[in-house]
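What you are looking at is a predicted structure, and each value in this text was computed from that prediction instead of being measured. By convention in this document, chain letters (A, B, ...) are assigned in the order of the sequence lines, proteins followed by strands, and residues within each chain are numbered from 1.
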Protein chains: 2
Amino acid sequence: MPAVPEGALGLRADARQNRDRIVEVARRLFADRGLDVPMATIARHAGVGVATLYRRFPTKEALVTEVFADQFEACVSVVDDALADPDPWRGFCTAIEKICGMHAADRGFSTAFVAAFPEAIEIERERDRAIQAFAELTRRAKAAGRLRADFSPDDLALLLMANCGVITGSAEEAEAASRRLVAYLLSALRAEQADPLPPPARLSLHDVLNSPASATRPVRRADSGPTAHQETTARQGTGDR
Amino acid sequence: MPAVPEGALGLRADARQNRDRIVEVARRLFADRGLDVPMATIARHAGVGVATLYRRFPTKEALVTEVFADQFEACVSVVDDALADPDPWRGFCTAIEKICGMHAADRGFSTAFVAAFPEAIEIERERDRAIQAFAELTRRAKAAGRLRADFSPDDLALLLMANCGVITGSAEEAEAASRRLVAYLLSALRAEQADPLPPPARLSLHDVLNSPASATRPVRRADSGPTAHQETTARQGTGDR
DNA sequence: GGTTAAGTGGACAAGGCTCTCCACTTAGCA
DNA sequence: TGCTAAGTGGAGAGCCTTGTCCACTTAACC
């Protein structure tokens with residue numbers, strides 16, 4: 001993450017200020033209300049017009065990506081820190097707790113993270129590194145005999161999505177819920193657990209991070225058409241879902 | 001749940017048929033695509049006009065309530081069945097597995113359940129009974145020494161919301177993810193777990209089931225206004241969030 | 001101070017949604 | 001068969017979104 005975001009490089013001083021304020025305001029609004037705050041609201045809170053907003057960030061997605069880029073980096077470095085811990089199990093637990101806590105504290109981030117914007121190119125390289133780092137952390141925690149052997153690194157996606165699920169209500173409620181859920185989950189992950197698990201979900205971290213589903217571009221399947229009843233064929237071609 | 005829904009009582013034969021088809025189609029569409037299928041799509045698939053749809057169900061919420069009323073009842077009877085099981089822990093586990101499985105199999109239901117429509121009056125009485133039944137199940141499973149003592153009946157809300165979080169992608173993916181998550185969670189709930197938990201989240205079942213947040217009426221906080229910068233007071237009165 | 005390219009804001013286009021209105025059709029009954 | 005209340009479909013109102021356009025303003029350099 002460069003100290004000056006590359007998008008703000010050749011900007012005139014006033015434009016630069018406006019851009020900074022937009023990002024700052026967007027971060028706060030996304031955190032408080034989630035990703036579906038309208039662009040006009042962000043613009044108004046930043047004291048600019050919508051045109052200015054769209055001049056800096058051609059789509060809402062671009063704004064979201066920019067806003068959460070460094071939060072994503074923070075997640076990555078949490079995993080790095082965990083790898084540096086001499087006790088791999090402690091590292092593992094702290095990493096999960098920290099990441100889930102970050103999500104719980106930021107409504108927009110949790111959505112953005114799970115939704116994931118494939119266009120976040122500067123993130124892409126980091127992402128693969130993070131996945132490998134977490135896999136290594138997993139390996140070590142298992143080797144230390146603390147993490148159950150049938151845990152799959154892809155289960156991280158499962159945990160994160162579950163964590164997102166409990167993020168509702170006020171920030172404090174969300175954080176309390178997340179903390180308790182994570183405590184449950186971590187105690188399920190200890191090696192002493194004997195009950196066998198059903199097969200890992202086909203929800204790998206790669207899938208989640210490249211999913212077409214997104215809060216700003218919701219998944220919309222093509223209309224498969226009616227399967228019965230007197231639906232006339234003439235009505236079909238409306239393009240309606 | 002009456003055999004003939006009270007909404008369909010004095011209806012003319014053709015109207016009755018249309019109503020039934022609407023509910024059937026809506027159930028299928030909600031299950032496949034979630035709650036945000038447009039009303040027009042439902043009408044089209046049912047082979048009726050939107051006006052007909054709105055004549056039977058004055059709001060989308062009313063339709064959703066009707067569609068999921070019996071699924072809700074099914075959840076309640078799952079808890080009843082669990083209470084009838086001589087082994088309370090087995091009953092407890094099966095209940096959770098079944099309910100989570102039902103949610104995973106039905107994208108719309110999971111949303112509707114967590115969102116919860118306070119207006120679903122006929123459900124209201126059932127709801128309190130279900131909550132008490134689950135509390136009783138909890139008590140027995142603890143008494144049998146199988147469920148960890150610090151489990152709170154309100155944690156059911158936590159589990160259900162977490163489960164909702166992993167419902168993405170195809171139906172099979174969702175069910176696989178849910179199964180694995182539930183397996184993790186149940187192993188965390190066994191009495192042998194020693195690690196103390198953080199305090200229960202202030203997410204009681206009552207709260208969740210009466211939450212103002214909803215998929216059809218998303219939570220919208222009042223705009224608190226900007227906290228800094230040169231926002232003019234004149235711009236404030238636009239009613240924008 | 002004057003020039004000018006960069007920056008700006010507000011109106012508006014395009015398209016989505018829920019829900020309403022009203023002129024027309026039809027089931028049910030004598 | 002013919003009457004009538006019940007039922008109907010489609011157009012469109014009203015509101016929300018994201019994103020565009022263009023006449024105006026202003027920072028930055030001479």
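Separating the CE atom in B/M102 from the CD atom in B/Q71 is a distance of 5.5 Å, to the nearest 0.5 Å. Expressed to the nearest 0.5 Å, how far CD1 of B/I22 lies from CD1 of B/I42 amounts to 9.0 Å.
Aromatic rings from B/F72 and B/F113 are positioned such that their centres are separated by under 6.0 Å.
Taking atom CD1 of B/I42 as the reference point, atom P of C/dC17 lies 11 Å away to the nearest angstrom. B/Y54 places its OH atom 18 Å from the P atom of C/dC22, with the value rounded to the nearest Å. The distance between atom CE of B/M39 and atom C1' of D/dG9, rounded to the nearest whole Å, is 15 Å. The distance from atom CG of A/L9 to atom P of C/dA6 is 16 Å, rounded to the nearest whole Å. The CZ atom of B/F57 sits 15 Å away from the P atom of C/dT20 (whole-angstrom rounding). The nearest whole Å value for the distance from the CG atom in B/D36 to the C1' atom in D/dC16 is 15 Å. Taking atom NZ of residue A/K60 and atom P of nucleotide D/dC16, one finds them 15 Å apart after rounding to whole Å. Atoms CD (B/E61) and C1' (C/dC19) sit 14 Å apart, rounded to a whole Å.
In this structure A/R56 satisfies the side chain to side chain donor-acceptor pair (under 3.5 Å) test with no other residue, sequence neighbours excluded.
The aromatic rings of A/F68 and A/F109 sit parallel to each other, their planes meeting at less than 30°, with 60° as the upper class boundary.
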Using a cut-off of under 3.5 Å, enumerate the N/O to N/O pairs linking the protein to nucleotides 3-8 of chain D.
{"from": "D/dA6", "atom 1": "N3", "to": "B/R12", "atom 2": "NH1", "distance (Å)": "3.1"}
{"from": "D/dG7", "atom 1": "OP1", "to": "B/R12", "atom 2": "N", "distance (Å)": "3.3"}
{"from": "D/dT8", "atom 1": "OP1", "to": "B/N18", "atom 2": "ND2", "distance (Å)": "2.4"}
{"from": "D/dT8", "atom 1": "OP2", "to": "B/R56", "atom 2": "NH2", "distance (Å)": "3.4"}

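Proximity of B/D154 to B/P200: side-chain heavy atoms (C-beta onward) are nowhere separated by under 4.5 Å.
Comparing D/dG10, D/dA27, D/dG19 against the side chain of A/A13 picks out D/dA27 as the nearest.
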